[in-house]
Chemist: 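Sharing a structure below in structure tokens format, with a few things to ask.
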Amino acid sequence: GIECPAHLEGTDWSGVLSDPGLPPKRDHVIFETEFGTFGERLGYLGRAVRTARYKYMIFNTGEHREFLADLENDRGETINLAGHPDHQGEMDRHRTFLRDYIVRTKDIFPLDKVPIPGDSF
């Protein structure tokens, strides 16, 4: 029953959460993370894209910035499929979801840190 503030993009998921038989409102969800300490921003950003089967995560800095998990076969998210040629299509699909989101919402995550679909790992 809480209204979503006008400046935030949001969707009411209460129906789907209370009745898993209802069709989802979209095929993916995007999560934003910004790390900080005691109210001070550290400049370390993360984003995740969750689809029915996969979870893709990326950070704006670090050596191994991308992570792709097959939640159907690895519920604990212990195997990073990023870099496996068999999963290039899923990487491209999730990168596209994220790139579109960054552009559409004018997100602060640097677009140049998200590889263009088709780029190798």
Side-chain angles (χ1 to χ4, degrees):
I2 298 171
E3 291 295 318
C4 181
H7 69 282
L8 296 178
E9 184 177 309
T11 300
D12 181 359
W13 284 81
S14 60
V16 175
L17 295 174
S18 62
D19 183 357
L22 290 175
K25 296 185 178 220
R26 60 175 88 147
D27 58 357
H28 67 281
V29 177
I30 303 212
F31 302 88
E32 299 180 12
T33 301
E34 181 175 0
F35 298 90
T37 181
F38 302 106
E40 181 181 335
R41 292 180 168 175
L42 299 176
Y44 191 58
L45 304 173
R47 297 294 181 264
V49 179
R50 174 69 160 85
T51 56
R53 181 171 176 177
Y54 293 93
K55 183 177 180 184
Y56 168 74
M57 294 178 285
I58 188 166
F59 296 92
N60 66 324
T61 187
E63 185 177 346
H64 303 286
R65 297 183 316 103
E66 290 184 286
F67 184 89
L68 180 70
D70 178 347
L71 301 175
E72 192 173 286
N73 296 305
D74 179 20
R75 295 184 66 88
E77 303 176 27
T78 61
I79 301 168
N80 186 0
L81 300 173
H84 290 232
D86 293 346
H87 297 281
Q88 182 70 47
E90 287 302 328
M91 288 293 293
D92 289 347
R93 184 167 79 108
H94 287 73
R95 286 171 172 171
T96 298
F97 286 146
L98 184 58
R99 292 178 67 82
D100 290 349
Y101 172 82
I102 290 169
V103 170
R104 186 179 77 250
T105 65
K106 298 178 176 65
D107 186 17
I108 64 170
F109 195 91
L111 188 61
D112 66 337
K113 297 292 184 175
V114 182
I116 296 170
D119 281 358
S120 60
F121 304 95

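Start at 1 with the first residue, then count along the sequence.
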Chemist: Treating N60 as the side-chain partner and G46 as the backbone partner, does any N or O pair qualify as donor plus acceptor under 3.5 Å?
Modeler: no
Chemist: Can you see which heavy atom on T51 is nearest to which on F97, and at what distance?
Modeler: CG2-CE1, 3.8 Å
Chemist: Taking all non-hydrogen atoms of both residues, which atom of R95 and which atom of I116 are closest, and how far apart?
Modeler: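 It is NH1-O, 3.8 Å.
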Chemist: List the atom of P115, the atom of I58, and the distance in Å for their closest heavy-atom pair.
Modeler: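 The pair with the smallest heavy-atom distance is CD-CD1, 3.8 Å.
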Chemist: Under the salt bridge (charged side-chain N to carboxylate O under 4.0 Å, His left out) rule, collect the residues that match up with D107, sequence neighbours excluded.
Modeler: R47
Chemist: Can you tell if the side chain of Y56 reaches within under 4.5 Å of the side chain of E66, non-hydrogen atoms only?
Modeler: yes
Chemist: Do L45 and T33 have side-chain heavy atoms sitting under 4.5 Å apart?
Modeler: no
Chemist: Under a single-linkage definition using a 4.5 Å side-chain heavy-atom cutoff for Ile, Leu, Val, Met, Phe, Trp and Tyr, are F67 and I102 assigned to the same hydrophobic cluster?
Modeler: no
Chemist: Restricting to salt bridge (charged side-chain N to carboxylate O under 4.0 Å, His left out), what partner residues turn up for D74, sequence neighbours left out?
Modeler: none
Chemist: Looking at every heavy atom in both F109 and F59, which two are closest together, and how far apart are they?
Modeler: CZ-C, 3.8 Å
Chemist: On a heavy-atom basis, which atom in P117 and which in T96 lie closest, and how many Å separate them?
Modeler: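 Heavy-atom minimum between the residues: CG-OG1, 3.0 Å.
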Chemist: Set out, in order, the CA-CA distance, both residues' side-chain angles and the distance that settles side-chain contact (heavy atoms from CB on, under 4.5 Å) for I108 and E32, then state yes or no.
Modeler: CA-CA 10 Å; I108 64 170; E32 299 180 12; over 6 Å; no
Chemist: How long is the span from the CD atom in E90 to the NE2 atom in H87, to the nearest 0.5 Å?
Modeler: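 Atom-to-atom, E90:CD and H87:NE2 are 8.5 Å apart.
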Chemist: Hey, could you give me the CG/CZ distance between D70 and R53, rounded to the nearest 0.5 Å?
Modeler: 4.0 Å
Chemist: Only one of E72, H28, H94 clears side chain to side chain contact (heavy atoms under 4.5 Å, CB included) with Y54; which?
Modeler: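 Output: one option passes, namely H94.
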Chemist: Is the side chain of R65 donor-acceptor paired with the backbone N or O of K113 at a distance under 3.5 Å, no angle test?
Modeler: yes
Chemist: Tell me whether R75 contacts the main-chain N or O of E77 through its side chain, where contact means a donor paired with an acceptor under 3.5 Å.
Modeler: no
Chemist: Looking only at non-hydrogen atoms, find the nearest pair between R99 and L111 and report the distance.
Modeler: NH1-O, 3.3 Å
Chemist: If we only count heavy atoms from C-beta on, is the V49 to K55 side-chain gap below 4.5 Å?
Modeler: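 In short, these two side chains do not touch, never coming nearer than 4.5 Å.
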Chemist: Do L71 and I79 share a hydrophobic cluster, counting only Ile, Leu, Val, Met, Phe, Trp and Tyr and linking them when any side-chain heavy atoms are less than 4.5 Å apart?
Modeler: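 No: no chain of side-chain contacts under 4.5 Å links L71 to I79.
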